[in-house]
Amino acid sequence: MGTLISNIRMLDENGTLKNGEILIEDGLFKEIGHELPKEGHEIVDGGGRFAAPGLIDVHVHLREPGGENKETIRTGTEAAARGGFTTICAMPNTRPVPDSAENIGKVNELIEENARVRVLPYASITIREAGKERTDMAELEQNGAFAFTDDGVGVQSAGMMYEAMRDAAGLGMPVVAHCEDNTLIYGGAMHDGKRSRELGIPGIPSIAESVHISRDVLLAEAAGAHYHVCHVSTKESVRTIRDAKAAGIRVTAEVTPHHLLLTEDDIPGDDANWKMNPPLRAQEDLEALHEGLLDGTIDVIATDHAPHTAEEKAAGMEKAPFGITGLETAFPLLYTNFVETGKWTLKQLTDWLSEKPADVFGLGYGRIAEGLPADLVLIDLEKEKTIEPETFASKGKNTPFGGRSCKGWPVMTIFGGNIVWQEGQQ
Ligand SMILES: [Zn+2]
């Protein structure tokens, strides 16, 4: 006996929405087609909704262990399910950091006990992400590390990054980088530009990011590593990655919804719900990010979901921690602003959030195809709703998008053949 999802619309290879049905058995997509035999199966009426592969977010901060006041694996994966994500990759800036077999083992146990969707844990490049001493990558790989990153901070030493890339290449694992040169940050809290000068808030120049990317693509070339750049935010970064790809260097990159949607000019004032790292940049940066996404320089969209408490965010731009939540708003925001407006196709958006991240990281799923894990999201493309942070499943209510009206809301999320969330469920 299986589960038959009837009355859904799916994208074909040309990006056209077609009516169809999906049969799920033993947690896998068993058959995809029309008018499949119904006998003996549980029928789930999809209500004519758009069925997309379960979304994949390669950049999520779940905070547990150590930051459970901000988020837990339970609340973070509930937020993921509500946002249509069935696979999320957890960043290692937790306490402890997954920097040893023992520490990543603890993370794996917590995931096993609490996660509602698939969580792939990153391990760190350096011990405690302190940038002083490298981790044992082979040991971490054997203990379930998904990839390596010191996200939250940049790896400052070129030599250390080079050695890490050589080891990772030997293991066939990607090195994923938050690119930031600490000598170029100048205590900044937002983008160093027109708006930071207007507000009198110290700025982070674009070169803090692009200089690191320039260094790293050369190191990746020399090491033969797969190098993935987190949350690209500047036009110079896009240009550098484009040039590196043209030179045959194995570099991939992600961009966040907020960097595609907002610029420094949108920042209303001293409000830390607009503070994230990298910061919202200038209009020409936003335009370069769009261009980079459309020409394949940037491979995927990832949220950098970074929950913090209301108290922490109340401290203002200069003192509050960096980061905003993203899992529960990504699809509707991008659909409303870029697909409904005709800038992107529905297939482009869906691919950047499923097939592309799966391909970049060699995951083998991220599409609706027979024999693959039955990870699926049903999305109501007509449903219009206002973003209300207080209703988030995430503990983090820190978003600059509260009050925006969007279309394209997930209404049912299926992970490994099981419904893990549906509309109306808390
Ligand atoms: Zn980061």
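Everything numeric in this text was worked out from a predicted model, so none of it was measured. All ligand and atom numbering here is 1-based and tracks the order in the structure.
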Assign the ring pair Phe331 / Tyr335 to parallel, tilted or perpendicular, where the plane angle (0 to 90°) is split at 30° and 60°.
->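 Parallel: the ring planes of Phe331 and Tyr335 meet at under 30°.
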Evaluate the ring planes of His178 and His231, with Trp represented by its six-membered ring, and classify them as parallel (under 30°), tilted (30 to 60°) or perpendicular (over 60°).
->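 The rings of His178 and His231 stand perpendicular, inter-plane angle above 60°.
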Counting only protein atoms, how many N/O/S atoms are less than 2.8 Å away from the Zn ion (ligand 1)?
->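 Protein N, O or S neighbours of the Zn ion (ligand 1) under 2.8 Å, waters not counted, come to 3.
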What's the spacing between His59 NE2 and Asp151 CG if we round to 0.5 Å?
->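 Rounded to the nearest 0.5 Å, the NE2-CG separation comes out at 3.5 Å.
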With a cut-off of 6.0 Å (strictly less than), are more than 12 heavy atoms of other residues, nucleotides or ligands near CD of Glu388?
->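 Counting other residues, nucleotides and ligands, CD of Glu388 exceeds 12 neighbours.
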Is there a donor-acceptor pair closer than 3.5 Å between any side-chain N or O of Asn103 and the backbone N or O of Val97?
->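 Yes, because the side chain of Asn103 sits within donor-acceptor range (under 3.5 Å) of the backbone of Val97.
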Verdict with reasoning, Ser394 to Glu71, per side chain to side chain donor-acceptor pair (under 3.5 Å) = CA-CA 7 Å; Ser394 170; Glu71 192 79 290; 2.7 Å; yes
